[in-house]
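Both backbone and side-chain heavy atoms feed into the values below; hydrogens, waters and symmetry mates do not. Numbering of ligands and ligand atoms starts at 1, following listing order. The residues of the chain are indexed from 1 along the displayed sequence.
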Amino acid sequence: MIIVLKSEATKEQIEQFAKELTSEHKVSVNEWTGSQSTVLGLIGDTSEIDIDYIGAQDIVESVKRVQEPYKKANRKFHPENTVIEVEGVKIGDGSTVIMAGPCSVESNEQLLEVAQKVKASGAQFLRGGAFKPRTSPYAFQGLRTQGLEIMLHAKEKTGLPIVTEIMSADHIDLFKDVDIIQVGARNMQNFELLKALGHLDKPILLKRGLSNTIEETLMSAEYIMAGGNEKVILCERGVRTFETYTRNTLDISAVPAFKKLSHLPVIVDPSHAAGIPWMIEPLSMGAIAAGADGLMIEVHNNPKKALSDGAQSLTPEQFDKIAKKVFELKSALSKIK
Ligand code: PEP
Ligand code: MN
């Protein structure tokens, strides 16, 4: 962290400030005195220093971070990729995982049919929403606890581990048998929820917020990890831009950026990014080529009748073709040095 001091700062004030910094934080302070002003360079762990607090001090002209504010999620402090194993399936080990299933769990029959079909196509996880974050309070809100029971039933029948979204820390006990808990885009900065999930020993799929930066996403991962739960999977699902042709804009550059900045696995959700079924295939291929560890894709047995996100859902047959191509691409990519 670099702190530029005001030219009128006295020697005593500077000394006092430097003393405060070293006694309150795990840093040492280097001082450069120029003809116009003095610059302090903080060396050490600055992640816990509040940059706004520093900027608010009377003698401070400006302050700039040169080190990322996240520590546990930072590749600098953990150079190896994090590999998360769920029911024998590894995420982040260089293989490709696919999480597929409907936007919403609607019935036992619907979920079981989709689960069996996506499994036959090679998906290793079943996704499905029981608690749904809908823009309108009048839209289908999900089957809630009954939806979770249906997910668990489909797991029992197919052996597929399940991924489903949590919307409130009050529901954590209901999710005890869920394999991966999803934090949706709308809750990426629900810090109380993130803190509560930090106390679990369970993988968390953290979706990037609608208008959140890469750094903000990593800070949300840091919230979960700071509580002790280091099993975080990042998910790029498209962000809001001026573009209206697609539902969101898939930020493919987030994949190599997350991989460079962090050791956590990265999943791409082309369904919520595109919002259009025909675009799921090229976006999936692009995501894998860019280095994603896997994909999350919405599949419905009857998209036209889906209770949510039918317009972007693939039929099991469409999904089957894409899954085949994705695995073929992955094997072709592994031959390129
Ligand atoms: C979902 O996965 O169904 C969902 C609501 O996703 P997002 O939070 O990315 O919009
Ligand atoms: Mn959806």
Minimal heavy-atom distance between Met151 and Leu126, with the atoms involved, is CE-O, 3.7 Å

Hey, does Cys103 sit under 4.0 Å from ligand 1 if you only count heavy atoms?
yes

Tell me whether Lys6 is salt-bridged to Asp58, with the criterion being a basic N under 4.0 Å from an acidic carboxylate O.
no

Ion pair check, Lys71 and Glu222, cut-off under 4.0 Å
no

Have a look at the Mn ion (ligand 2) and estimate, to 10 degrees, the angle subtended by OE2 (Glu298) and NE2 (His272).
90°

Lys90, NZ: over 12 other non-hydrogen atoms inside 6.0 angstrom
no

Atom 9 (O) of ligand 1: the protein heavy-atom neighbour that sits closest, reported with distance to 0.1 Å:
Arg237 NE, 2.6 Å

Will you find, in the side chains of His272 and Glu298, an N or O donor that is under 3.5 Å from an N or O acceptor?
yes

min-distance protein heavy atom vs atom 8 (O) of ligand 1 -> Ala185 N, 2.7 Å

What protein heavy atom lies closest to atom 2 (O) of ligand 1? Include the residue and the distance to one decimal.
Arg127 NH1, 2.7 Å

Note the single closest protein heavy atom to atom 5 (C) of ligand 1, along with its residue, its atom name and the distance in Å.
Glu165 OE1, 3.7 Å

Against heavy atoms of Glu298, which atoms of ligand 1 measure under 4.0 Å?
3 (O)

Measuring from the Mn ion (ligand 2), name the closest N, O or S atom belonging to Asp309.
OD2

I'd like to know if Lys117 and Glu113 make a salt bridge, using a cut-off of under 4.0 Å between side-chain N and carboxylate O.
yes

Short N/O distance, under 3.5 Å, between Arg186 and ligand 1?
yes

Inspect the contact between Asp251 and Arg208 and indicate whether a charged nitrogen and a carboxylate oxygen are less than 4.0 angstrom apart.
yes

Pairs of nitrogen or oxygen atoms closer than 3.5 Å, one from Lys132 and one from ligand 1: do any exist?
yes

Please tell me whether Arg247 and Gln312 have a donor and an acceptor in their side chains that are separated by less than 3.5 angstrom.
yes

Is a side-chain N or O of Arg127 found less than 3.5 angstrom from the main chain of Cys103, in a donor-acceptor match?
yes

Is Gln182 near ligand 1, meaning one of its heavy atoms is under 4.0 Å from it?
yes

So if I count the atoms of ligand 1 from 1 in the order they appear, which ones are less than 4.0 Å from some heavy atom of Gly184?
8 (O)

Quick one: look up the protein heavy atom nearest atom 6 (O) of ligand 1 and list residue, atom name and how far away it is.
Lys207 NZ, 2.9 Å

For atom 4 (C) of ligand 1, closest protein heavy-atom neighbour:
His272 NE2, 3.5 Å

